[in-house]
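Here the structure is laid out as structure tokens; the discussion comes afterwards.
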Amino acid sequence: MQVIFDTQNIYYIPQYYPIYKVLIENNIECIFVCYTGKNDQSVFAKEIPGNQVWVSGKEQALDYYLKTKPDWIFFGNAFQGLEQIHQYSKTAQLGHGVGPKPSYYRKSDTPMTVRFMEGELRLRIIKQMYPEDTFVQVGFSKLDPIFDGSEQGIDLVAKQLDTSKKTLLYAPTFNPSSLERFPDNWPEKFSDYNVLIKPHAFTYTRKQYKGQRKKLKKWASYANCYVAPVEDYSLLPYLKTADLLISEASSTLFEFVVLDKPVIVANFFKLKWSYRGPFSYRFEKRFGKDNVIYNKIGTHISKFSQLKNAVKQQLANPQEYREQRAQYRQDHIGPVDGKASQRIVDYLLERR
């Protein structure tokens, strides 16, 4: 049996890796197909586990799949050419995140053999949208290493941070992002805390976000702050270590509250020109009330000056949103027993 993981973006790996690990334990051959057009092979080849094949894009990937004819191919997004692939292989869709964008659901417009789902609410919605397709709720494989105890977190001492301090995690997405709205010296204003900053991969890899990279460089100069480098693609160690998360419109919020720790939602962004003024309807369509479903997940702030008080309040009262966090876990992430990957592999093995 052979299983391929279609890795269009490097940040798919944390979702794939726990499944890969269980497959290897069952003596199943696995290959990661990675895209040079989106990922720097010289940086990431040594970071990716197991066997790798690098392709220039989807066309070359399709040619490889049709030639190789694996038993299963995992995809983290939509993929063209499934009719050809399904002549030889089965396909599984595994979303790399559980964010609010409509693309979370629309990536199933072209059905795969099965899509593995996370929470109960998500499953009900997608079954209504695509009643003829196959969806199986398993949970969120990405978080398995935290719940099975294999994820050890960040070594604060190695990062020259103070283990006696509470640790904040700022994990901004790339667009719409609050990153540009944070001051150049904001870690200094939070000197009583360790500050971990985990940017989205696109902040490092896309030319248009060079302003974000300048911010990161300034923040990294503060003794109480550690900024994750580009090759540090997994968010899991940061989730494990942090006491509180700050983000805006990222699926990271869902992942963090599953750990029953408080979040602060930053409702202030730098919008690109195509989301401003007469084009604001585009922002509302993509991130509007029906899609941004973070209303009750934790404390919301509308400007940076509110952050310090919000941090103090939430760390002093971590139980405040506990009931809501439990509901978000059930709706969006599903079972958190560390066995989502095992359930996925069991499904594959039963259909050899």
(message) Under the criterion side-chain contact (heavy atoms from CB on, under 4.5 Å), I'd like the reasoning laid out for Ile264 against Gln306: C-alpha separation, chi angles, the key distance, then a yes or no.
(response) CA-CA 10 Å; Ile264 294 174; Gln306 298 172 341; over 6 Å; no
Checking the side chain of [X] only, and the main-chain atoms of [Y] only, is there a donor and an acceptor separated by less than 3.5 Å?
X	Y	result
Tyr12	Phe5	no
Tyr130	Phe135	no
Asn224	Phe190	yes
Gln93	Lys107	yes
Ser141	Gln15	yes
Gln60	Ser56	yes
Glu188	Tyr222	no
Asp337	Lys339	yes
Asn317	Gln313	yes
Lys69	Leu66	yes

Could you tell me if [Y] and [X] have a donor-acceptor pair between their side chains, going purely by distance under 3.5 Å?
X	Y	value
Ser178	Glu248	yes
Glu320	Gln314	yes
Tyr193	Asp243	no
Asn9	Tyr35	no

Count the heavy atoms belonging to other residues, nucleotides or ligands that lie under 6.0 Å from [atom1] of [X], then report whether that count exceeds 12.
X	atom1	result
Glu59	CD	no
Glu83	CD	no
Gln87	CD	yes
Arg106	CZ	no

Can you say whether the rings of [X] and [Y] are parallel (under 30°), tilted (30 to 60°) or perpendicular (over 60°)?
X	Y	value
Tyr16	Phe74	perpendicular
Tyr11	His200	perpendicular
Tyr238	Tyr226	parallel
Tyr17	Tyr20	tilted

(request) Compute both the distance and the angle, then confirm whether Arg122 meets the cation-pi test with Tyr328: under 6.0 Å from the six-membered ring centre, within 45 degrees of the axis. (result)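 That pair does not qualify as a cation-pi contact.
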(message) Does Arg115 qualify as a cation-pi partner of Tyr104, given the criterion of NZ or CZ under 6.0 Å from the six-membered ring centre and within 45 degrees of its axis?
(response)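 Geometry flag: set, cation within 6.0 Å and 45°.
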(request) Measure centre to centre between the rings of Phe75 and Phe79, then say whether the value is under 6.0 Å. (result)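 Between Phe75 and Phe79, the centre distance is under 6.0 Å.
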(message) Show every salt bridge (Lys or Arg N to Asp or Glu O under 4.0 Å) that has at least one partner inside residues 150-168, sequence neighbours left out.
(response)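 Checked against salt bridge (Lys or Arg N to Asp or Glu O under 4.0 Å) - neighbours excluded - no pair reaches residues 150-168.
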(request) Please determine which of Thr91, Asp133, Ile73 meets the side chain to side chain contact (heavy atoms under 4.5 Å, CB included) test together with Met112. (result)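 The residue from Thr91, Asp133, Ile73 that satisfies side chain to side chain contact (heavy atoms under 4.5 Å, CB included) with Met112 turns out to be Thr91.
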(request) Salt-bridge test for Arg343 and Asp144: reply yes if a basic N is under 4.0 Å from a carboxylate O, no otherwise. (result)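 Salt bridge flag = no for Asp144 with Arg343.
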(message) Can you tell whether the side chains of Glu180 and Lys215 come within less than 4.0 Å, N to carboxylate O?
(response)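 Result for this pair is no, no salt bridge flagged.
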